*Asks:* 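Got a structure here, written out as structure tokens. Questions coming.
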Amino acid sequence: MRFSKAFIPTQKEIPADATIPSHQLMLRAGLMRQLTAGVYVYLPLGYKAMLKAMEVVREEMNAIGGQEFHLPALNPESLWIQTGRRDVPNFILSIKERDLVLAPTHEEVIAWIASMHIQSYKDLPQIWYQIQTKFRNEPRPRSGVLRGRQFIMKDSYSLDASREGLDKSYDLHAEAYRNTFTRCGIRFFVVGASSGAMGGTGSQEFMVEAPHGEDTVALCTQCDYAANLEIASSALPKVTRNEGSSNVEEVHTPNVRTIDQLAEFLKVPRERLAKSVVYRHNGSPLLILMVGNDQLNESKLIAALGGGEVSPMSADDLKGLTGADGGSIGPVNLKGFKIIADKRLEGANGLISGANRNDYHLSNIDLQRDVTLDGYYDLRTIEPGEACPKCGAALKVSNAIELGHIFKLGTKYSEALNVTFLDEGGAGKPVIMGSYGIGIERIVACAIEQGHDANGIVWDKALAPYSVHVIAVNMNSKDVVLAANQVYRSLTEAGIEALFDDRGNVSPGFKFKDADLLGMPFQVIVGEKGLKNGQLEIKRRKTGERTMVAKDDVVSTVQSLLRE
RNA sequence: CGGAACGUAGCGCAGCCCGGUAGCGCACUUGCUUGGGGUGCAAGGGGUCGCGGGUUCAAAUCCCGCCGUUCCGACCA
């Protein structure tokens with residue numbers, strides 16, 4: 001492509017609305033423009049990078065036997081009502097004029113097709129995928145392309161006759177994902193994840209560590225333990241059980257509200273303080289006991305409760321139910337609440353907690369003796385520096401971007417939409433499904449987050465819109481023009497995608513700056529200096545390293561560089 | 001959906017407090033110049049000041065409403 005004919009609107013100034021590097025650079029390098037919040041126009045250069053990412057994904061999906069579909073973005077609303085997902089908050093965008101919705105994902109449509117055509121265990125397994133635009137009713141789009149209202153996803157769906165089959169399909173996807181992201185030159189890691197409201201038994205996320213990521217993950221500094229903070233655990237000791245339990249005593253604790261104040265006031269370690277956190281679960285009052293200042297993890301809470309809606313109880317609501325304020329609430333003689341506790345408190349005694357009477361606490365609480373508990377669960381959010389549950393080394397907590405997510409769905413959708421097959425014994429059974437997504441824009445954005453410097457993008461070969469950027473330093477020099485055209489033609493004829501900066505009205509410095517901003521892996525610089533010796537210069541964008549190469553050797557040199 | 005900020009030429013911004021002919025840099029057009037890291041000089045073109053209403057002789061500027069965008073939070077299959 002000749003730059004003089006190309007539509008590549010680069011910008012020197014940083015757009016005011018872009019706050020993270022990938023967003024700024026995607027705008028500055030002319031990859032895209034924002035149409036409205038969360039919706040982007042992909043310009044030719046940006047779309048080329050996206051197509052490269054999609055092709056890598058496609059090849060890896062085909063390699064595990066995936067079959068590509070093209071599914072409708074417009075879906076009948078009724079299909080989503082059947083699975084109960086029509087009313088999921090902030091999920092579906094709908095069409096005003098018709099009872100149609102814009103599909104945010106395609107489990108429903110896949111299940112609909114499968115329900116018609118999957119009849120026998122002999123028809124299974126299947127891996128069906130699509131690489132298409134999806135829509136989501138994001139309350140707050142942000143971080144450029146990382147969280148939009150419209151985006152391109154590779155989604156695949158596995159259909160299996162057995163749990164073992166699902167495990168195999170899932171493992172195939174995990175391997176395909178590793179290959180995909182590795183080929184894209186992205187440094188990633190895999191974490192255990194919560195399956196959330198999607199339902200199902202297992203799930204993992206493919207993550208890229210990034211300060212601007214909106215996910216939080218725990219990573220072991222020594223072993224390979226990695227988990228989304230939603231499910232991460234640490235090897236923190238339980239609260240010890242003292243020998244014998246004294247009688248519960250009421251203690252006057254005027255104006256003591258927080259755990260820190262209480263520990264200070266009573267001169268006791270925080271481990272002996274059972275903090276009461278009050279919620280409503282599907283409307284019913286719920287008290288959760290945590291150790292000291294341990295933070296309740298809502299994702300774990302929901303999982304422990306088997307789903308449903310949870311929300312912190314308001315101060316007024318709490319006062320009405322208990323007669324006391326938050327800070328004085330406790331599990332002993334608390335009427336009308338379901339009570340659960342963090343695992344660290346399992347069987348503990350000698351605890352201090354609220355008396356359900358302002359300015360009073362109870363001491364010597366024995367959870368076995370004094371409280372009717374509905375169970376102990378891991379409910380706390382881990383903190384950086386705590387011990388890895390696998391190896392005991394320190395955990396760190398990082399922000400990350402979710403590139404891909406793989407799910408063992410089970411039979412939630414096949415049951416809702418009646419997708420059944422006959423097994424060997426002739427019995428009807430629901431098809432067992434898996435669901436696996438990759439965000440295409442996120443591949444590109446993460447590649448830029450990891451591949452950029454002060455001058456611009458540094459593309460990996462796999463995603464670079466062009467492999468080589470040919471720069472004619474001085475278009476007024478006949479020799480330069482001739483040599484640059486020759487090398488551009490030779491590269492193109494050799495099947496190497498080249499962008500040729502043949503602009504006549506642009507100074508050399510401007511061309512160099514643009515080339516670094518656009519970030520193609522290699523630059524071939526054609527200038528009078530080198531030509532005197534019959535040489536051209538090859539610059540590696542990543543390292544800045546420059547080598548002079550004889551004119552006739554440029555194509556072969558570039559070819560070997562691209563093979564590295 | 002709660003909190004905050006912003007909206008003036010394609011982009012980045014000043015002007016608004018204190019009402020009185022709309023400005024700067026980049027980009028763009030033309031000519032000359034320069035030619036290995038966003039050349040230099042000169043002459044130009046381009047704006048319903050987000051939209052609607054109000055106050056006033058007069059509104060980018062003051063008041064009210066709306067819309068849009070961004071950030072923090074909530075949310076995030």
Side-chain angles (χ1 to χ4, degrees), chain A residues 9-20 23-24 27-28 30 33-39 80 83-85 88-92 103-108 134 136-144 146-149 151 153 155 157 193-200 203 205 212-216 228 230 298-299 302 307 309-312 401-402 404-409 412-413 433-437 439 454-456 471-477 480-481 501 503-517 523 525-532 536-537 539 544 546:
Chain A
T10 60
Q11 293 181 302
K12 185 157 62 174
E13 314 244 28
I14 298 171
D17 283 344
T19 53
I20 69 171
H23 190 193
Q24 294 174 348
L27 293 170
R28 284 190 57 210
R33 288 293 181 265
Q34 179 173 318
L35 181 62
T36 184
V39 181
W80 292 83
T83 57
R85 295 168 105 191
V88 173
N90 302 329
F91 190 42
I92 292 182
T105 173
H106 280 85
E107 281 82 5
E108 276 76 357
K134 309 220 168 185
R136 211 157 279 184
N137 185 17
E138 284 301 340
R140 174 143 110 81
R142 68 179 110 181
S143 304
L146 286 178
R147 189 165 198 80
R149 294 207 168 111
F151 47 88
M153 290 276 289
D155 261 340
Y157 306 93
S194 158
S195 22
M198 193 86 175
S203 113
E205 290 165 327
H212 305 102
E214 57 186 351
D215 282 279
T216 314
N228 195 302
E230 291 172 346
E298 281 198 11
S299 301
I302 292 167
E309 301 249 324
V310 298
S311 58
I401 296 164
E402 178 189 346
H405 200 160
I406 56 179
F407 268 105
K408 293 182 183 177
L409 275 184
K412 177 172 172 177
Y413 299 97
M433 292 178 66
S435 163
Y436 318 87
N455 295 316
I471 298 169
V473 171
N474 179 358
M475 290 299 285
N476 289 328
S477 157
V480 168
V481 171
D501 196 340
R503 290 175 294 180
N505 55 344
V506 171
S507 70
F510 203 99
K511 290 187 179 182
F512 292 135
K513 289 289 187 190
D514 260 356
D516 285 349
L517 175 61
Q523 296 171 11
I525 299 164
V526 186
E528 287 171 304
K529 282 183 189 171
L531 281 181
K532 279 181 201 157
L536 307 184
E537 183 179 333
K539 175 183 160 184
R546 297 159 189 270

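Chain letters run A, B, ... following the sequence lines, proteins first, then strands; residues in each count from 1. Note that the structure is predicted; figures quoted are calculated from it, not measured.
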*Asks:* Is there a donor-acceptor contact under 3.5 Å linking the side chains of A:H405 and A:S203?
*Replies:* yes
*Asks:* Without decimals, in angstroms, what is the distance between A:I471 CD1 and B:rG38 C1'?
*Replies:* 13 Å
*Asks:* A:D17 has a side chain; which of B:rU69, B:rC13, B:rC75 sits nearest to it?
*Replies:* B:rU69
*Asks:* When all nucleic acid strands are considered with a 4.0 Å heavy-atom cut-off, which category describes A:T36: base, sugar-phosphate, or nothing?
*Replies:*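 Sugar-phosphate, no base atom in range.
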*Asks:* Distance check needed: B:rC76 C1' versus A:E138 CD, whole Å only.
*Replies:* 6 Å
*Asks:* With respect to the side chain of A:E13, which nucleotide from B:rG25, B:rG68, B:rA74 is positioned closest?
*Replies:*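 Side chain of A:E13 sits closest to B:rG25.
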*Asks:* Considering only the P atoms, how many Å lie between B:rC24 and B:rA43, rounded to the nearest integer?
*Replies:*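 It works out to 13 Å between them.
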*Asks:* Provide, to the nearest angstrom, the distance between the NZ atom belonging to A:K511 and the P atom belonging to B:rG36.
*Replies:*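 Result: 12 Å.
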*Asks:* C1' atom, B:rG20 versus B:rU56: distance in rounded Å?
*Replies:*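 The answer is 12 Å between these two C1' atoms.
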*Asks:* By nearest atom, which of the nucleotides B:rG38, B:rU69, B:rG73 is closest to the A:R28 side chain?
*Replies:* B:rG38
*Asks:* Looking across every strand, which nucleic acid part, if any, lies under 4.0 Å from A:G544 by heavy atom: base, sugar-phosphate, or nothing?
*Replies:*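 No contact.
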*Asks:* Take atom P in B:rC62 and the same atom in B:rG19, then report the distance between them in whole Å.
*Replies:* 9 Å
*Asks:* Can you confirm whether the side chains of A:E205 and A:N228 place a donor and an acceptor under 3.5 Å from each other?
*Replies:* yes
*Asks:* Under 4.0 angstrom, heavy atoms only, what part of the nucleic acid is A:D514 near: base, sugar-phosphate, or nothing?
*Replies:* base
*Asks:* Nearest to the A:A16 side chain among B:rC76, B:rG37, B:rC13, which nucleotide is it?
*Replies:*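 Looking only at heavy atoms from C-beta outward on A:A16, the closest nucleotide is B:rC13.
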*Asks:* Between A:Q11 and B:rG38, is there a contact of a side-chain N or O with OP1 or OP2 at under 4.0 Å?
*Replies:*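 For B:rG38, neither OP1 nor OP2 has a side-chain N or O of A:Q11 closer than 4.0 Å.
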*Asks:* Send over the distance from A:R140 CZ to B:rU70 P, rounded to a whole Å.
*Replies:* 9 Å
*Asks:* Drop me the distance from A:K12's NZ to A:R28's CZ, to the nearest 0.5 angstrom.
*Replies:*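 Interatomic distance, A:K12 NZ to A:R28 CZ, rounded to 0.5 Å: 9.5 Å.
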*Asks:* Out of B:rU39, B:rA77, B:rU69, which has the shortest distance to the side chain of A:R85?
*Replies:*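 Among B:rU39, B:rA77, B:rU69, the one nearest the side chain of A:R85 is B:rA77.
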*Asks:* Given atom CZ of A:F510 and atom C1' of B:rG40, what is their separation to the nearest angstrom?
*Replies:* 16 Å
*Asks:* Taking B:rC18 as the reference, what is the distance to B:rA74 when you measure between their C1' atoms (whole Å, please)?
*Replies:* 41 Å
*Asks:* Can you check the distance between B:rU48 and B:rA9, where both ends of the measurement are the P atom (answer in whole Å)?
*Replies:*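 Nearest-Å result for B:rU48 against B:rA9 at atom P: 9 Å.
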*Asks:* Please report the distance, rounded to the nearest Å, between NZ in A:K134 and P in B:rA77.
*Replies:* 15 Å
*Asks:* Could you tell me whether the phosphate oxygens of B:rC71, OP1 or OP2, come under 4.0 Å of any side-chain nitrogen or oxygen in A:T19?
*Replies:*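 Answer yes for this pair, as a side-chain N or O of A:T19 is under 4.0 Å from OP1 or OP2.
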*Asks:* With side chain to side chain contact (heavy atoms under 4.5 Å, CB included) as the test, pick out the partner of A:S477 among A:V481, A:V473, A:N474.
*Replies:*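 Exactly one pass, corresponding to A:N474.
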*Asks:* In whole Å, measure the gap between the C1' atoms of B:rG36 and B:rG50 for me.
*Replies:* 45 Å
*Asks:* Would you mind telling me which of B:rC76, B:rA77, B:rA74 lies closest to the side-chain atoms of A:P139?
*Replies:*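 The closest nucleotide is B:rA74.
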*Asks:* Once you round to the nearest 0.5 Å, how far does CG of A:D516 lie from NZ of A:K539?
*Replies:*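 The distance works out to 3.5 Å.
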*Asks:* Using whole Å, report how far CD of A:E230 lies from P of B:rC76.
*Replies:* 8 Å
*Asks:* Among B:rC75, B:rA77, B:rU69, find the nucleotide with the atom closest to the side chain of A:E298.
*Replies:* B:rC75
*Asks:* For B:rC49 and B:rA60, measure between their P atoms and round to the nearest Å.
*Replies:* 7 Å
*Asks:* Does A:S435 make a side-chain N or O approach to OP1 or OP2 of B:rA77 shorter than 4.0 Å?
*Replies:*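 Answer no for this pair, as no side-chain N or O of A:S435 is under 4.0 Å from OP1 or OP2.
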*Asks:* Identify, between A:N90 and A:K529, the residue whose nearest nucleotide on RNA chain B lies closer to the 5' end.
*Replies:*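 Between the two, 5'-proximity favours A:K529.
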*Asks:* Could you work out which one of B:rU70, B:rC76, B:rA77 sits closest to the side chain of A:Q34?
*Replies:* B:rU70
*Asks:* Rounded to whole angstrom, note down the C1' distance from B:rG3 over to B:rA77.
*Replies:*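 Pairwise C1' distance, B:rG3 against B:rA77, rounds to 28 Å.
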*Asks:* Between B:rG36 and A:N474, counting only base atoms on the nucleotide and side-chain atoms on the residue, is there a donor-acceptor pair under 3.5 Å?
*Replies:*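 Answer is no: no donor-acceptor pair is held.
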*Asks:* Rounded to whole angstroms, how far apart are NZ on A:K12 and P on B:rC13?
*Replies:*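 So the NZ-P distance, A:K12 to B:rC13, works out to 15 Å.
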*Asks:* On RNA chain B, check which nucleotide each of A:P508 and A:R147 is closest to and give me the residue with the more 5' one.
*Replies:* A:P508
*Asks:* Looking at A:R136 and A:P104, would you say the former's side chain and the latter's main chain have a donor-acceptor pair under 3.5 Å?
*Replies:*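 Yes, because the side chain of A:R136 sits within donor-acceptor range (under 3.5 Å) of the backbone of A:P104.
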*Asks:* Could one point to a donor on the side chain of A:R546 or the base of B:rG37 with an acceptor on the other under 3.5 Å away?
*Replies:*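 Answer yes: a donor N or O sits under 3.5 Å from an acceptor.
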*Asks:* With the threshold set at 4.0 Å, does a side-chain nitrogen-carboxylate oxygen contact exist between A:E107 and A:K412?
*Replies:* no
